[in-house]
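Whatever order the structure lists ligands and atoms in, that order sets their numbers, starting from 1.
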Amino acid sequence: VTAAAPADSSVELVDVDESNWRLVAAVRPRPEQERFVAATTYYLCLCHYGGVWHPLAACVGDEVVGYVQWGVDDDGSHWIGGLVVDAAHQGRGLGRQVVERLIERMREAAGAAGLALSYEPDNVPARTLYASLGFVETGERDGDEVVARLLPA
Ligand SMILES: CC(C)(COP(=O)(O)OP(=O)(O)OC[C@H]1O[C@@H](n2cnc3c(N)ncnc32)[C@H](O)[C@@H]1OP(=O)(O)O)[C@@H](O)C(=O)NCCC(=O)NCCS
């Protein structure tokens with residue numbers, strides 16, 4: 001991970017494999033954001049051993065700028081988790097693109113069950129981003145986190 005991506009960068013979601021896992025493991029939020037997410041190394045282990053989540057690298061060209069994972073709940077709802085944009089790349093629309101791309105990918109498969117995610121209630125950037133994409137808080141909790149869902153129209 002080197003130079004900052006330009007403002008008009010287009011994000012692609014790419015499988016994590018032997019060619020890029022080190023770059024995914026190097027993705028870091030800002031220090032003050034570490035309480036909102038686990039380390040990407042932890043997420044990669046969760047995906048590998050946990051049998052629920054699937055990892056994706058967020059790439060701009062050859063560069064890994066972030067991480068996200070997805071999973072399917074018993075009720076068919078498709079969950080987005082583990083979103084991190086590397087500190088060096090935040091604030092230029094990449095996080096929004098990551099979530100938009102994942103919504104596009106999962107919307108059809110999720111059907112009526114819709115999409116879901118959760119976040120710490122005081123995570124203002126995440127909460128604002130998800131709300132702007134149509135996620136609505138349902139009153140459900142997942143541990144300390146609030147759950148928001150995006151249901152089909
Ligand atoms: C949340 C996160 C992924 C956003 O990534 P990003 O690339 O910086 O976000 P973007 O530049 O695409 O901004 C998207 C939207 O997020 C919101 N946002 C981003 N930073 C914000 C801030 N400091 N305050 C309020 N809203 C903010 C805005 O709604 C913004 O949309 P806008 O630019 O149209 O106003 C990033 O801050 C991050 O990695 N945080 C640490 C990990 C984390 O908290 N992940 C979420 C766990 S649920």
Side-chain angles (χ1 to χ4, degrees), residues 1-16 20-48 50 52-73 75 77-107 110 113-151:
V1 179
T2 50
D8 61 351
S9 308
S10 179
V11 171
E12 212 183 339
L13 299 181
V14 173
D15 286 339
V16 178
N20 63 14
W21 72 266
R22 289 176 178 80
L23 295 173
V24 173
V27 168
R28 298 269 187 287
R30 296 185 174 142
E32 68 274 17
Q33 298 168 332
E34 279 172 8
R35 68 193 174 93
F36 294 134
V37 278
T40 51
T41 47
Y42 174 88
Y43 287 133
L44 291 175
C45 290
L46 179 67
C47 291
H48 190 77
V52 173
W53 291 97
H54 305 274
L56 291 167
C59 297
V60 174
D62 291 340
E63 196 166 17
V64 175
V65 298
Y67 175 82
V68 72
Q69 61 191 19
W70 64 274
V72 183
D73 203 352
D75 66 1
S77 56
H78 282 48
W79 282 70
I80 296 172
L83 173 68
V84 188
V85 170
D86 190 78
H89 297 285
Q90 288 185 19
R92 54 177 71 109
L94 301 179
R96 177 181 295 280
Q97 282 192 57
V98 172
V99 181
E100 285 172 349
R101 299 272 180 286
L102 201 44
I103 292 171
E104 286 162 20
R105 273 170 83 131
M106 300 201 303
R107 201 165 219 160
L115 308 185
L117 45 74
S118 68
Y119 45 84
E120 299 284 339
D122 63 337
N123 189 349
V124 174
R127 188 174 205 159
T128 309
L129 168 61
Y130 300 141
S132 76
L133 291 169
F135 283 86
V136 175
E137 293 179 7
T138 59
E140 299 162 276
R141 309 276 303 199
D142 186 11
D144 290 341
E145 301 199 338
V146 298
V147 173
R149 294 182 183 269
L150 178 61
L151 298 173

Protein contact of [atom] - nearest heavy atom, named by residue and atom, plus distance:
atom: atom 26 (N) of ligand 1; result: Pro125 CA, 3.6 Å
atom: atom 39 (O) of ligand 1; result: Val85 N, 2.9 Å
atom: atom 42 (C) of ligand 1; result: Leu83 O, 3.6 Å
atom: atom 16 (O) of ligand 1; result: Leu129 CB, 3.4 Å
atom: atom 31 (O) of ligand 1; result: Arg96 NH2, 2.8 Å
atom: atom 37 (O) of ligand 1; result: Gln90 OE1, 3.4 Å
atom: atom 44 (O) of ligand 1; result: Asn123 ND2, 2.7 Å
atom: atom 11 (O) of ligand 1; result: Gly93 N, 2.7 Å

Hey, which atoms in ligand 1 end up nearer than 4.0 Å to a heavy atom of [X]?
X: Val37; answer: 42 (C), 43 (C), 45 (N), 47 (C)
X: Tyr119; answer: 48 (S)
X: Gly91; answer: 6 (P), 7 (O), 8 (O), 11 (O)
X: Gln33; answer: 37 (O), 40 (N), 41 (C)
X: Ser118; answer: 48 (S)

Checking contacts here: is it the side chain or the backbone of Tyr130 that comes within 4.0 Å of ligand 1, counting heavy atoms only? Could be both or neither.
side chain

Given that the side chain starts at C-beta and the backbone is N, CA, C, O, which of these parts of Arg92 lies under 4.0 Å from ligand 1, counting heavy atoms, or is it both or neither?
backbone

Are side-chain heavy atoms of Tyr43 and Val24 found at a separation under 4.5 Å?
no

Would you say Gln69 and Leu46 make side-chain contact, with heavy atoms under 4.5 Å?
yes

Report the distance from atom [atom1] of [X] to atom [atom2] of [Y], rounding to the nearest 0.5 Å.
X: Glu34; Y: Arg28; atom1: CD; atom2: CZ; value: 8.0 Å
X: Leu44; Y: Tyr42; atom1: CG; atom2: OH; value: 12.0 Å
X: Leu83; Y: Leu117; atom1: CG; atom2: CG; value: 9.0 Å

Does Arg141 have more than 12 heavy atoms from other residues, nucleotides or ligands lying within 6.0 Å of its CZ?
yes

Near Asp62 CG, under 6.0 Å, is it more than 12 heavy atoms from other residues, nucleotides or ligands?
no

Please name the pair of heavy atoms, one in Ala58 and one in Val11, separated by the smallest distance, quoted to 0.1 Å.
CB-CG1, 4.1 Å

Looking at every non-hydrogen atom in both residues, tell me the closest pair between Ser77 and Ala113 and how far apart they are.
N-CB, 3.5 Å

Return yes when at least one protein heavy atom is under 4.0 Å from [atom], and no when none is.
atom: atom 47 (C) of ligand 1; value: yes
atom: atom 29 (O) of ligand 1; value: yes
atom: atom 33 (O) of ligand 1; value: no

Quick check: Ser132 and ligand 1, any N/O pair under 3.5 Å apart?
no

Using distance alone, with no hydrogens and no angle criterion, decide if Glu137 and Tyr130 have a side-chain donor and acceptor under 3.5 Å apart.
no

Glu120/Arg35 ion pair, N-O < 4.0 Å
no

What residues, two or more places apart in sequence or in another chain, satisfy side chain to side chain donor-acceptor pair (under 3.5 Å) together with Trp70?
none

